[in-house]
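Notes to accompany the following structure.
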Amino acid sequence: MAVPIHRQADPVSDLDEINPDPTLLDQLGDRASLTEMQRDELEHVLRCSPFIQQSLAAEPDILDYVIDGTADAYLGDGLAARFDALGGMPAERLELEPTAFGRELRRLRRREMILIAWRDLNGIDDTDATLRSLSNLADFCVAEALAYHEHHLKTRFGQPRGPNGEPVEMVVIGMGKLGGDELNYSSDIDLIFAYAEEGETDGKKTISNAEYFIRLGQRLIRSLDEKTGYGFVFRVDMRLRPNGDEGPLAMSFDGLELYYATRGREWERYAWIKARVIAGDQAAGRQLMDMLRPFVFRRYLDFGAFSQLREMKRMIEREMTDAAMHNNIKLGPGGIREIEFIGQLFQLLRGGREPALQARRLVPVLSILEEMGELDQATVADLTAGYDFLRRAENRLQMLYDHQTQTLPDNKFDQLRLAIAMGFEDWGSFLYALDRHRDRIHGHFSEVLRLPSDTDEADDPLEQVWNGLGDVADRVAILERHGFEEAATLERHLSTWRDTQGPAINGTVAQRLDELMPDLLRDISTYQGQVAILDRMLDLLAAILRRSVYVALLIEQPQARRQLVRLVHGSPWIASLLTQHPILLDELIDPETLYAPPDKTELARELGELLGKCPDDEERSLDELRRFKQLATLRVAAADVVGALPVMRVSDQLTWIAEVILEAVYERARAQIEARHGRPRAVDEAGEAFTPGLAIIGYGKLGGIELGYGSDLDLVFLHDSTDHEAVTDGERSIDNSLYFARLAQKIIHTLSIRTPAGVLYEVDTRLRPDGVGGLLVSSVNAFAQYQAEHAWVWEIQAMCRARFVAGVASVGEHFAEIRRRTLTQRRDPDELREAVVGMRRKMRANQPATPAGLFHLKRDIGGITDIEFLVQYLLLRHAADHPGILEYTDNIRQLDSLREAEIIDAEASEALIQAYRTLRDAGHHQALMGSRPVVEAHVVEAETQVVIDQWAAIIGCRPPEGRGKEDVDDDGGTD
C-alpha cells in the first residue's frame, strides 16, 4: 500500500505559520462589511489557499463577487448573469477585441474559481455540486469562446454549408472528467472538435468546411489556453482526438465514424464513455453520439476487450511500482484512477446490453452495478466513500495554489493546510483516514480481472496437435495419451478444419485460437463421442471467427468454455442454436442462471426490460423478441440436458416462454394499430357503449401446456364486438372487424416473419371455424354458434386442449364458457366412439409408415397421439355428467381428473400418465439430439403396450391401423 509520508511530531505548532495576515483579514472584512460568520469563512479559506489569499490581496473587489455568489443555491444557475454584470452583455462581448474578450473570460474564471473554492471549503457545496460547478464553468467558457470566434470567422468567410446547402456548425465534445460533469479544480479540459458534413462556406471568400472548423478550433484553443497577464481560462488538451497530435484538429462525422469503426482502440472506447456535447450544435452532437455509441458500447458482452483491459490494468500496476506514485492520490495505489477503472470496465463490457450503464458519472454507475448484482453493497459503499474523499482531497490540494497536481505536499505547512481543509486537526489524522480509504479501494481494484496463476504451457503437447507440428502419427499418439478414443479420426477432422479455415483467419483470431484450442481439446477429452463434439465445436468456431470476442470469451472464461462443451456433448440442437446465434454464448458465463430457468413472472419482467430499451425501434424489437426466445429456450435446454428439469417442467417452461411472448406481441401490435385507427368501440344489447377486445386462444400443445422444442403455435383469435356502431374512435376510423383482422395479422406477422435473428414461431390458424376458408378472427357469438351447429367431432376434440393465453381476459372468459357448454353436450356413446376411431384411422392412413424396428413417438400405434385421443374420448363421453374433468387442458391433469371422477381406475390413470411422460421425455431428448422423434421400438415397448391395452379396455378396440408409404422424410419435430 502507499508509503507513509513523514508525520510531523507537533503540527499544531505550525498553525500560526499558515494563518492569514491579520491586517489583510481586517482590510477585506471591513471592505466587504462581512458578518462574523462570513469573516470566519474568509479566514478558513485564506488559511487553506495561498492562491486565494494572493488573489484577494491583489484584487480585493473579488470578495464582493464571492459574497454575492454564496447566496445562490447552485452556482450554475447564476453564471450567465454574473458574466453579464462583469464583462458586458453578450452582444457587447462579441464586439470586443480578442485581447479584451480573453481578459474578460480570465477575470470571470478567477472569480468563479475563488467562489467555487469558498463554497467547497466552507461546506456550502458537497463534492458532487463542486464538480458540477467546475464542469459548468468550463462548459460556459467554451461556449462563450466558440460564439465569439464563430461570429468573427463568419463575418470573414460566411456560413459553412453541407452539400445540399444546409448550415453546418461546430460540435464540441467534452471528454474525460469534463464530459462526466466531474471536472476537478485545476484540471485540463479534454476536447474533440467535429462537424456534421464536408462542404464549404458561403461568404465572399470561401474555404472548405474542414479548413473553417480547424481555424475555429485553433482560435478557440488560444482563447482558453493562452497564458496572459490575467492568467489562463482552461488548459486545453486535444490528444484524445483520432490520431492524437498527428490528426486533424476537427473532423467530419463520417471521418470520425470511419476511424472508430476501422481503427478505434480499447483505450479510445474507454475515453468515450464519458463523452458529452458541451458546446455548439447540440442536435448534430446528439446525432454524432448516436453514431458512435455502437463503437463504445457493444450490444454483446465484449470479452474481446478483456486482454486489452487487462493490459491497461497491468500498465496501471506497473506505474504504481514507482515510489513517486505512492503519494499520488489519483494514480497511486488506491487512487481515483482505480475506482474509475472498476466502473468503466463494467461499462465497456456490459453497457451495450444494459443502457443504464451508459451513464457518464461514476457514482451513479457504481449504484447501478450494485442494483444489477455486479458489485456487492459493501464494495460499492467503500468505492463511493473513497471516491468522495479522494475527489475532495484532490480539489482542496489543487486549491492551495491553483496548480494541476494530485501529489500530496511534502512540506509541513501545505500538509497542514490540506489537513485543515479536509476537516482534520493535523496531517497524521488526515493521512490515517486517507490510507484507510486507499487500502479498501486497492483491495477491490486488485480483484478486478483477477486470473488464476499463469502456468507455463509453452511445451503443451496439444499445441503441437493443434498447430499440425511433427508427423501425423506423433499427433495421434499425443491425442491417445490425452484420452481420445478415435484419435486418428479426430486428428484428421481437426487438421482439415484448420487447413480450410486458415486462409480466412487474421492475426488476432489466429493468436486467440492458438491460445484456446489446447484447452478446448482437453475439455473435450473428458467426454464420450469426442469426434462428434469436436465437429460441433468446429462448426461453432467457424461461425464466430468474424466476431472473435467470442473466441476471447472462451479463453477468458474457462467455466463458460467447459459448460459449452458439456452442452454441445449433450445436445446437437443446442450446438446448432449457438452456432446460428452466437450472442447466446454470453449466457454460458453464469451457471446459476443457465441451469435455473426463470418462472413466468420473471420471464415477463425480463422481456419487458428488453423491449423497454427500444420502444420505438420496430426492427430492434423484433430482434429482441427472438433473442429473448432463444435465450430462454437455451436455459430450458441446458437444464434439460443436465437433468435439472423433469419432462413436464420442460413443457411448462417452453409454454410460459410462448405465453409471455404472445402477450408482449399482442400489446405492441394493439398499440400500433390503435395509434393509427384508435380504439374499437361498440354498443351492446342494452344500448351501452363499451370497448371490445381480442383474445388469443391456444390449441394443441400450446393449449395443453405441452410445448416442445421447435413447436409451432395453434392459434384462434376471438373478439367480443357487436355489430352496433362497431367502429374505431381514431381520426382514420375503420370497422371493428377490420381492426381485429389487422391486429391478428400484425400478431401473426410479428411471430412468423424471418429476421436476421430468426423466426419466433410458426403459426397455424387452421383450427378456426371453417379452417382456412373461415374468417381469421371470429366474434365470440359466431364462434359459439359454429361450435353448437357446425363443428365436426375432431374440432370439438381440439377444444379439450384449448385455453385463453393472451389478450383481453374478459373475452377469454367468454371462450371458457363456450368451451364448457360445447364439451358438456350429451353425446351418443356409439356415435362418439365411431367418430373418434374413424378420425384416428383417417389420420394414420395419411401418415407414412415407420421403418421396421423403429417407433414414431407421436403417431405410431400406442404413441402420444393415441393417448391424447383416448383422453379426449373420455372427456367428451363423460363431461355432461362430470363437468369438473374439463378444468384442465393438459393430458396429465386430465387423466388425474378422470381418476378422481372414477371414470377410470387409479392403476389405468397412473399407467397412462407414466407412458405419456416417458414418450414425451423421449421426444424432448430426440429434439435436443437434433433427431426425428423416432426411437428403437423395443425401448418404448412397455409404454406402447399400456396404451394399446387401455384402448381395448376403454374404447373396445386397438388403436386403428393405417397404411402408408415408407417413412423416409420427417420434419423432425414432436408436434
Side-chain angles (χ1 to χ4, degrees), residues 2 5-8 10-21 24-25 28 37-57 62-63 66-67 69-70 75 110 112-134 182-187 327-330 332 334-336 385-438:
I5 292 179
H6 176 65
R7 293 169 169 77
Q8 303 298 320
D10 186 14
V12 176
S13 64
D14 297 315
L15 187 60
D16 290 340
E17 296 292 335
I18 67 170
N19 280 334
D21 179 3
L24 174 63
L25 189 61
L28 291 172
M37 183 179 74
Q38 289 170 337
R39 185 184 178 90
D40 290 342
E41 291 177 344
L42 172 62
E43 183 175 5
H44 180 60
V45 169
L46 296 181
R47 182 183 296 122
C48 296
S49 175
F51 157 66
I52 296 178
Q53 190 170 154
Q54 294 162 8
S55 298
L56 293 182
I62 293 178
L63 185 57
V66 170
I67 295 301
T70 59
L75 282 182
R110 180 173 290 268
E112 287 293 315
M113 295 297 277
I114 294 172
L115 174 54
I116 290 169
W118 181 295
R119 291 172 65 105
D120 181 74
L121 289 166
N122 287 305
I124 299 172
D125 286 340
D126 60 15
T127 307
D128 180 69
T130 298
L131 299 179
R132 287 190 294 120
S133 294
L134 290 164
E182 298 167 335
L183 196 65
N184 52 284
Y185 194 76
S186 295
S187 175
N327 294 325
N328 190 304
I329 61 174
K330 175 181 179 182
I336 295 167
Y387 185 73
D388 183 80
F389 188 93
L390 290 171
R391 292 307 303 273
R392 278 190 292 122
E394 178 187 39
N395 277 336
R396 292 171 185 185
L397 175 60
Q398 295 179 357
M399 289 172 188
L400 288 172
Y401 298 103
D402 192 19
H403 290 165
Q404 185 182 20
T405 180
Q406 285 91 16
T407 301
L408 295 172
D410 57 5
N411 72 81
K412 63 182 180 180
F413 300 121
D414 287 342
Q415 288 175 352
L416 183 56
R417 288 187 178 100
L418 179 57
I420 291 173
M422 289 295 290
F424 295 89
E425 292 184 355
D426 56 62
W427 179 246
S429 300
F430 163 73
L431 200 60
Y432 176 76
L434 173 65
D435 284 348
R436 289 191 67 191
H437 282 296
R438 294 199 293 187

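Reckoned from all heavy atoms, side chains included, excluding hydrogens, waters and symmetry mates. None of these values were measured; they are calculated from a predicted model.
- Taking 4.5 Å as the limit, every side-chain heavy atom of Tyr401 sits out of range of all side-chain heavy atoms of Pro409.
- Residues Asn395 and Tyr185 share a closest heavy-atom pair of OD1-N, 2.8 Å.
- The side-chain heavy atoms of Asp120 and Met399, taken from C-beta on, include a pair separated by under 4.5 Å.
- Between Ile62 and Ser55 the shortest heavy-atom distance is CD1-O, 4.3 Å.
- When every heavy atom of Leu24 is checked against every heavy atom of Gln53, the shortest pair comes out as CD2-CG, 3.8 Å.
- Taking CD of Glu425 as the reference point, atom CD1 of Ile420 lies at 9.0 Å (rounded to 0.5 Å).
- Between Trp427 and Lys412, every side-chain heavy-atom pair lies at or beyond the 4.5 Å cut-off.
- A donor-acceptor contact shorter than 3.5 Å is absent between the side chain of Arg438 and the backbone of Gly332.
- Judged by distance alone, with hydrogens and angles left aside, the side-chain atoms of Gln398 form no donor-acceptor pair with the main-chain N or O of Gln404 at under 3.5 Å.
- In plain terms, the two heavy atoms of Asp426 and Ala419 that are nearest each other are O-CB, 3.5 Å.
- The minimum heavy-atom distance between Gly335 and Leu390, with the atom names listed, is C-CD1, 3.8 Å.
- Partner of Arg119 under the side chain to side chain contact (heavy atoms under 4.5 Å, CB included) criterion, chosen from Thr130, Val45, Val66, Asp125: Asp125.
- For His437, the ring pair (Phe, Tyr, Trp, His ring centres under 6.0 Å) criterion is met by Phe389, not counting sequence neighbours.
- Contact of the Leu115 side chain with the Glu112 side chain is registered, since non-hydrogen atoms from C-beta on lie closer than 4.5 Å.
- To the nearest 0.5 Å, the span separating CZ on Arg39 from CG on Leu42 amounts to 7.5 Å.
- Shortest non-hydrogen contact noted between Gln406 and Asn184 is NE2-ND2, 4.2 Å.
- Here CD of Gln38 is found 10.0 Å from CG of Asn122. Values are rounded to the nearest 0.5 Å.
- For the atom pair CE of Met113 and OG of Ser49, the computed distance is 10.0 Å after rounding to the nearest 0.5 Å.
- The distance from atom CG of Leu121 to atom CZ of Arg47, rounded to the nearest 0.5 Å, is 11.0 Å.
- Residue pairs meeting the ring-ring contact (aromatic ring centres under 6.0 Å, His included) criterion with at least one partner in residues 404-424, sequence neighbours excluded, are Phe424-Phe430.
- Contact check for Leu408 versus Leu431: side-chain heavy atoms found under the 4.5 Å cut-off.
- A distance-only check finds no donor-acceptor pair linking the side chain of Arg396 to the backbone of Cys48 [under 3.5 Å].
- Distance check: Asp128 CG to Arg392 CZ gives 12.5 Å after rounding to the nearest 0.5 Å.
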